[in-house]
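I have placed the structure first, in the form of structure tokens, so that the comments after it can refer back to it.
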Amino acid sequence: MPDGAYDPETVESTWQERWVDEETYAYTGDGSADPDTHYAIDTPPPTVSGDLHMGHLYQFTLQDFVARFHRMRDETVFFPFGFDDNGIASERLTEDELGIRHQDYERREFQQLCREVCTEYETQFRENVRDLAISVDWTQTYQTIEPRVRRVSQLSFLDLYEQGREYRERAPTIWCPDCETAISQVETEDDERDAQFHDIAFSVVGGDEFVISTTRPELLPACVAVFVHPDDESNADLVGERARIPLFGHEVLIREDERVDRETGSGVVMCCTFGDQTDIEWYQAHDLDLRVAIDESGTMTDVAGDYAGLSSDEAGEAIVTDLEEAGALRDRRDITHTVNVHERCGVGVEFLVTEQWYVRLLDKKETYLEAGREMDWYPEKMFTRYKHWIEGLQWDWAISRQRSSGIPFPVWYCADCDEVVTADRDSLPVDPLSEAPPVDACPACGATEFVPEDDVFDTWATSSLTPLINAGWDWHEAAADGAAADDADPAALGGEFRMDSPELYPVDMRPQGHDIISFWLFHTVVKCLEHTGEVPFDSVMINGMVLDERREKMSKSRGNVVEPDEVLSEYPVDAARYWAAGSAVGDDLPYKETGLKAGERLLRKLWNASKLVESLAPEPVERPDDLQALDRFLLAELDSTVEAATEHFERRAFAKARDELRTTFWHTFCDDYLEIAKGRLRGDDDPSAAWTLRAAHERFLRLFAPVLAHVTEAVWQDCYAAERDAESVHLADWPEPLGVTADRAAGERAMAVVGALRRYKSERGLPLNDPLDEVVVHGDVEGFERAIARVMHAESLSTTTASADVEEVVTGVDLDYAAVGPAYGERVDDIDAGLEAGDYEFDTDGALLVADERLDPDLFEVERERRFEGEGTLLDAGDAAVVVR
RNA sequence: GGGCUCGUGGUCUAGCUGGUCAUGACGCGGCCUUUACAAGGCCGAGAUCGGUGGUUCGAAUCCGCCCGAGCCCA
């Protein structure tokens with residue numbers, strides 16, 4: 001090992017490069033091997049929308065712990081990396097980066113610009129991920145926009161369509177009149193807006209009038225019904241009557257529905273197609289007419305009569321003026337209310353009826369729920385979210401988007417009869433806008449004109465296929481001579497779906513954030529299950545979010561964002577990894593600089609201790625037949641740590657694994673064992689100590705390797721690579737317990753004695769190497785006497801079990817409440833009182849007599865204090881006592 | 001508005017099925033130059049476990065309500 005302090009900058013960049021160059025993390029499996037020896041991870045492909053942030057660092061690092069742990073457990077780990085670059089996020093990035101609008105470009109031209117911008121960001125992102133030592137196999141990568149993935153995505157569409165799991169329907173969608181596109185629910189946000197509430201008088205046909213309050217008078221021409229709440233007695237007489245719409249004159253039925261908010265306005269509400277989400281629900285639930293008054297650009301349609309051609313805002317003002325003139329406007333007042341706006345442009349959304357493609361979900365909710373139950377959830381509680389999401393599902397999944405960039409539907413429609421014509425599987429990927437359909441004439445009506453579908457897939461429709469993308473799922477045409485097979489069997493018609501790497505499916509672990517359980521996870525389960533009949537994941541690991549130092553969400557608007565760049569310019573990557581290992585999986589983790597500092601200190605400790613080990617035992621030694629008591633004790637302690645750490649890693653309890661290792665390494669190994677080993681090995685030949693020192697040290701390196709990837713590799717290469725048959729510590733075997741037997745009790749007692757003597761010196765302001773004349777240990781520390789004497793510089797050390805000059809007096813009784821409570825119930829208070837008052841004694845059998853009760857000896861422990869009358873000072877060392885003279 | 005989650009010393013955190021001195025880290029104070037590490041070691045102070053009511057002999061732990069925070073969905 002090099003002299004001097006640990007230099008993470010050099011070490012980390014050196015190894016990051018070597019791991020990639022030497023393909024240390026290459027997936028080496030093949031389809032023929034046993035799936036139990038493979039561990040596949042469905043790495044979340046980041047959306048290409050900007051730079052790497054702390055959430056990425058955290059999430060990828062947690063995944064890396066799992067990858068490294070399983071790789072060391074002799075599994076071939078498949079840890080791929082993808083980019084999700086076919087969606088809106090990437091379009092937006094491109095627009096922002098280049099200062100353009102997609103509407104101003106030809107579709108292909110804009111797509112090209114997206115590719116260029118994304119490629120740049122992806123290159124940078126990839127480097128950043130490498131610099132975090134994420135042990136991804138960089139030969140296994142994909143982009144969701146690449147041809148292979150487009151093919152998979154279109155194949156998926158065709159397969160579901162042929163299975164009858166997809167349909168096309170005219171239905172309301174969320175529409176941004178400014179951007180002139182359909183948008184999805186997730187792209188909208190709530191915003192507080194000032195508005196005016198207008199009280200408008202409606203007349204009942206052949207009767208009185210009633211008042212409706214609305215902020216959207218321009219929607220009057222789109223009114224198709226009026227609703228009152230079924231419990232609303234004051235308006236109950238309206239139900240069943242017909243209402244005439246002021247100014248427009250058309251009549252609508254007055255109905256009742258529980259979704260009416262009785263508190264707002266008069267409790268009577270108009271339903272327009274469409275003003276808001278509730279209108280859509282009413283439209284569908286009550287099978288209402290469709291009156292579209294506002295078109296795609298926010299302009300009034302012919303339905304608006306005289307107002308046609310005005311913008312909706314202008315129409316609103318004009319209608320209010322006319323209502324006032326007609327005497328139908330009863331009141332207007334300013335209010336603040338919440339409206340749904342497009343998060344990107346801030347313009348309030350409209351709801352339009354358009355033709356969309358859907359994936360059928362609602363008929364198989366129980367199936368998808370059961371699939372969720374079959375997966376192992378880390379943490380378990382996250383299953384609840386999945387469950388509630390499915391139970392609350394009301395809609396099938398709309399997968400079509402009216403966007404510039406994205407994967408096109410492989411579909412054309414007959415210009416005459418609207419018959420759906422799908423692309424041939426072997427022609428995929430296709431772009432129907434530039435390619436002809438596979439038929440010359442419509443199979444239904446014989447017409448020869450076709451209209452291409454110009455919608456693209458929702459980005460989740462593709463990202464929900466990542467397990468299949470990774471496993472190389474594809475359609476294989478049958479060989480030419482197989483064409484004669486029974487044409488009733490769809491597979492025999494022309495081929496079958498196969499995977500290039502079937503051993504990768506189902507995937508062992510899906511890691512992801514809890515915010516997208518309802519999107520990515522659920523949709524992946526649905527799609528993969530429908531395509532393969534198998535649940536895609538054995539386990540799911542859900543990570544929390546990174547919060548700021550004050551436990552608040554990081555966001556640009558709050559200005560509390562911490563950039564990975566800043567962190568990593570000040571701290572080693574291993575320190576950041578140490579910090580990331582500080583949470584229970586699923587919990588949010590606040591960014592804490594002290595957490596990184598603690599990691600940095602551990603790196604330094606590990607480095608310095610390693611230098612000492614190397615100087616004490618520079619060469620490999622044969623394992624002696626007999627190991628000394630202290631060595632056996634250390635190895636036995638280490639065995640416990642190996643078992644505990646292994647279990648913690650298996651359960652994804654990273655913080656517990658980390659802290660368990662740190663504690664044993666720092667205190668048992670460094671503070672206790674190493675200090676003693678110095679005395680045994682300096683100038684002396686002690687094969688037992690030399691072998692044990694190296695064996696333990698080498699195991700600590702392996703145990704720390706998943707978390708502290710760089711420093712362990714650097715040390716391990718210098719000290720152990722030559723004698724071990726692995727090119728990297730990350731390819732070495734995960735430690736198994738050695739099964740060394742030791743007198744653990746005597747060892748712990750001995751360590752307690754050392755601790756007591758250290759304290760003794762410290763309290764007296766003595767240097768730790770200050771000599772002690774005589775030490776007498778009252779207690780069994782057999783086999784450890786020399787070690788204690790040497791490390792504490794005791795001239796003479798003797799042990800005795802006879803405590804002639806040490807007298808023990810009873811100072812109290814410690815009840816075992818877990819046993820006493822159930823047995824004595826209410827009497828416990830009295831027993832406590834008796835003990836407190838010192839009003840108790842013991843009988844000849846050792847039973848406790850207190851508060852008129854007799855407690856057997858197994859219900860309590862007697863607290864004793866040692867009194868020492870002889871010469872010297874008495875120290876407490878757990879169940880041993882030490883006298884120093 | 002609904003669902004889920006979280007709330008433990010100054011800060012972060014352990015504490016599964018209730019058992020009585022609540023774990024550890026960081027920070028803080030004091031002491032110790034010990035030939036790996038003073039960026040180390042030892043010791044110490046610091047918590048009525050968000051609030052409140054209940055179940056129980058006994059509650060950080062179980063239940064109700066309230067307050068605060070976060071995520072998802074309306």
Side-chain angles (χ1 to χ4, degrees), chain A residues 1 3-6 185-186 190 259 261 276-278 281 338 340 379-389 391-394 513-519 542 544-545 547 549-553 578-579 582-584 586-616 651 653 655-656 658-660 662-663 666-667 670-671 674-675 677-678 682 755-770 791 793 812 814-832 863:
Chain A
M1 285 177 67
D3 282 341
Y6 179 50
Q185 170 95 50
V186 287
D190 289 344
R259 280 164 279 209
D261 178 7
D276 62 19
Q277 302 265 14
T278 318
E281 291 176 30
T338 310
N340 233 236
E380 276 179 46
K381 63 188 178 192
M382 288 296 174
F383 171 68
T384 313
R385 295 215 188 173
Y386 179 90
K387 181 165 170 268
H388 283 270
W389 169 256
E391 286 171 351
L393 262 186
Q394 306 269 0
H514 53 66
D515 49 338
I516 51 172
I517 289 175
S518 48
F519 296 94
I542 305 293
M545 316 231 127
L547 308 175
E549 297 243 8
R550 282 182 299 178
R551 253 188 171 280
E552 284 173 14
K553 190 191 174 185
Y578 176 89
W579 161 78
S583 72
D587 283 358
D588 293 341
L589 181 65
Y591 172 75
K592 280 275 157 192
E593 198 159 359
T594 54
L596 286 132
K597 287 198 172 127
E600 209 177 12
R601 296 194 346 175
L602 177 59
L603 300 185
R604 208 144 33 212
K605 189 76 175 176
L606 188 53
W607 181 263
N608 289 327
S610 297
K611 282 198 302 186
L612 178 60
V613 170
E614 196 190 36
S615 74
L616 292 174
R651 295 172 50 200
K656 288 183 180 170
R658 179 192 82 167
D659 293 346
E660 167 80 30
R662 183 188 185 279
T663 302
W666 203 300
H667 297 114
C670 291
D671 291 348
L674 260 181
E675 289 301 327
K678 282 186 207 170
R682 274 202 184 117
L757 291 171
R758 252 192 228 132
R759 214 171 302 134
Y760 169 82
K761 291 183 178 181
S762 176
E763 280 166 0
R764 278 157 187 77
L766 301 169
L768 283 179
N769 60 355
D770 207 51
V791 73
H793 300 268
D814 191 14
L815 290 182
D816 177 7
Y817 285 94
V820 175
Y824 290 89
E826 296 174 332
R827 296 288 295 138
V828 172
D829 276 348
D830 295 332
I831 294 170
D832 275 339
E863 291 174 345

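Residue numbers start from 1 in every chain, and the chains themselves are labelled A, B, ... in the order their sequence lines are given, proteins ahead of strands. Values below: all heavy atoms of this structure, side chains included; hydrogens, waters and symmetry mates excluded.
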key: Nearest-nucleotide 5' precedence on RNA chain B, A:Arg758 against A:Leu766   = A:Leu766
request  = Please tell me which of A:Met382 and A:Gly582 maps to the more 5' nucleotide of RNA chain B, matching each residue to the nucleotide holding its nearest heavy atom.
outcome  = A:Met382
query = Of all residues at least two apart in sequence or in a different chain, which pass the ring pair (Phe, Tyr, Trp, His ring centres under 6.0 Å) check with A:Tyr760?
reply = none
ask   = Quick one: ring pair (Phe, Tyr, Trp, His ring centres under 6.0 Å) partners of A:Tyr578, sequence neighbours excluded?
value = none
With sequence neighbours left out, what residues match [X] under side-chain hydrogen bond (donor to acceptor under 3.5 Å, both in side chains)?
X	answer
A:Tyr817	A:Asp832
A:Arg827	A:Asp830, A:Glu853
A:Glu660	A:Thr641

Which whole-number value in Å describes the distance from [X] [atom1] to [N] [atom2]?
X	N	atom1	atom2	result
A:Leu393	B:C72	CG	C1'	13 Å
A:Arg604	B:C37	CZ	P	13 Å
A:Asp830	B:C57	CG	P	13 Å
A:Arg385	B:C72	CZ	C1'	6 Å

Which side-chain N or O atoms in residues 593-602 of chain A pair as donor and acceptor under 3.5 Å with protein atoms at least two apart or in another chain?
residue  : atom : partner  : partner atom : Å
A:Glu593 : OE2  : A:Tyr571 : OH           : 2.7

Distances under 3.5 Å between protein N/O atoms and the N/O atoms of nucleotides 34-36 of chain B, please, pair by pair.
residue : atom : partner  : partner atom : Å
B:A36   : OP1  : A:Lys678 : NZ           : 3.2
B:A36   : OP2  : A:Arg682 : NH2          : 2.4
B:A36   : N6   : A:Glu675 : OE2          : 3.3
B:A36   : N3   : A:Asn608 : O            : 3.3
B:A36   : N3   : A:Ala609 : N            : 3.2

ask   = If every non-hydrogen atom of A:Glu614 is compared with every non-hydrogen atom of A:Met1, which pair is closest and at what distance?
value = OE2-N, 2.8 Å
message = Please check this pair: side chain of A:Lys592 against backbone of A:Trp579, looking for a donor-acceptor N/O pair closer than 3.5 Å.
response = no
Under 3.5 Å donor-acceptor, A:Trp607 side chain and A:Gly4 backbone = yes
With sequence neighbours excluded, residues passing side-chain contact (heavy atoms from CB on, under 4.5 Å) with A:Asp829 = none
By side-chain contact (heavy atoms from CB on, under 4.5 Å) - contacts of A:Pro767 (at least two apart) = A:Asn769, A:Asp770
request  = Taking the side chain as every heavy atom from C-beta outward, state whether A:Tyr386 and A:Met382 have any pair of such atoms under 4.5 Å apart.
outcome  = no
request  = Produce a footprint string for nucleotides 14-27 of chain B: one letter per nucleotide, 5' end first; B if the base is under 4.0 Å from any protein heavy atom, S if only the sugar-phosphate is, - if neither.
outcome  = SS---BB----SSS
remark   = Any stem touching RNA chain B, meaning at least three consecutive Watson-Crick or G-U pairs under 3.5 Å, ordered by first number, would be B:1-7 with B:67-73, B:10-12 with B:24-26, B:28-32 with B:40-44, B:50-54 with B:62-66
Could you list all N or O pairs between the protein and nucleotides 43-48 of chain B that sit under 3.5 Å apart?
residue : atom : partner  : partner atom : Å
B:C43   : OP1  : A:Arg759 : NE           : 3.0

message = How about CD on A:Glu380, more than 12 heavy atoms from neighbouring residues, nucleotides or ligands closer than 6.0 Å, or not?
response = no
message = For a quick check of understanding: with a heavy-atom distance under 4.0 Å over all strands, which category does A:Trp607 fall into, base, sugar-phosphate or nothing?
response = nothing
